[in-house]
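Only one structure is covered here, and it is reproduced in the block below.
Quick note on labels: first sequence line is chain A, next is B, and so on, each numbered from 1. Note that the coordinates shown come from a computational prediction; the quantities given were computed from them, not determined experimentally.
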Amino acid sequence: MSARRRYWLMKSEPDCFSIDHLAQVGTEPWTGVRNYQARNFMRNGMRSGDGVLFYHSNCTPPGIAGVATVASEAYPDPTQFDRASPYFDPKATHEEPRWFNVDVRFERKLSRTIPLEEIRRHADDLGDEFALIKRGSRLSVLPVSAAQWALLLSLE
DNA sequence: GCCAACGTTGGC
DNA sequence: GCCAACGTTGGC
């Protein structure tokens with residue numbers, strides 16, 4: 001019984017963690033997500049093998065820089081328990097962890113970054129509900145439909 | 001660096 | 001449960 005492969009988009013600031021960094025290390029825990037909606041997508045929605053669009057945010061130009069694969073089920077984000085970490089959460093306990101992460105494996109870097117500005121031009125095809133281009137949306141982990149996945153990668 | 005939009009916190 | 005204040009995100 002295996003569910004169909006799902007697709008996601010995950011944002012990272014390249015100064016902090018970039019597609020090139022992921023290419024070097026191969027697989028990396030995607031820690032530090034501190035938003036409940038994003039957490040729920042990771043914890044409840046992601047399965048090993050799902051596709052990930054690696055998005056570079058807060059840079060010039062922002063856009064999709066690569067493709068990765070979900071490489072684990074979600075598990076408690078260890079940084080929430082680490083007092084030395086900027087992601088430390090004093091309200092989290094091992095008995096009741098608040099934050100979860102998956103491991104993400106490098107797949108490939110795109111031949112070019114697909115800029116957000118260009119993605120916006122396909123708003124009609126991507127749909128009003130696509131969180132990446134929804135006005136004011138800051139969601140850092142968001143679902144991508146199979147059709148959106150195909151469309152976005154066709155822009156490469 | 002600016003700032004709009006958003007999510008979270010905490011007083012009441 | 002309301003909502004003002006605050007901190008953060010992330011495009012520009």
| message | Using heavy-atom distances to pick each residue's nearest nucleotide on DNA chain B, tell me which of A:G136 and A:N58 is more 5'. | response |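 The answer here is A:N58.
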Q: Could I get the full list of salt bridge (charged side-chain N to carboxylate O under 4.0 Å, His left out) partners for A:E107, not counting sequence neighbours?
A: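 Scan of A:E107 (salt bridge (charged side-chain N to carboxylate O under 4.0 Å, His left out), adjacent residues dropped) gives none.
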Are the side chain of A:R6 and the backbone of A:G45 linked by a donor-acceptor contact shorter than 3.5 Å?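 A pair under 3.5 Å: yes.
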#### Entry: A:Q37 backbone acceptor or donor facing A:N40 side chain under 3.5 Å
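Looks like no, no N/O pair under 3.5 Å.
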Between B:dC6 atom C1' and A:K11 atom NZ, what is the distance in whole Å?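 Between C1' of B:dC6 and NZ of A:K11: 11 Å.
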Hey, are the side chains of A:V67 and A:I19 touching, using non-hydrogen atoms and a 4.5 Å cut-off?
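No, too far: nothing below the 4.5 Å cut-off.
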### Message
Could you tell me if A:R43 sits above the aromatic ring of A:F100, with its cationic atom closer than 6.0 Å to the ring centre and no more than 45 degrees from the axis?
### Response
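Checked: cation-pi criterion met.
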Quick tally for nucleotides 7-12 of chain B: nucleotides whose base has a protein heavy atom under 4.0 Å get B, sugar-phosphate-only ones S, the rest -, giving SS-S--
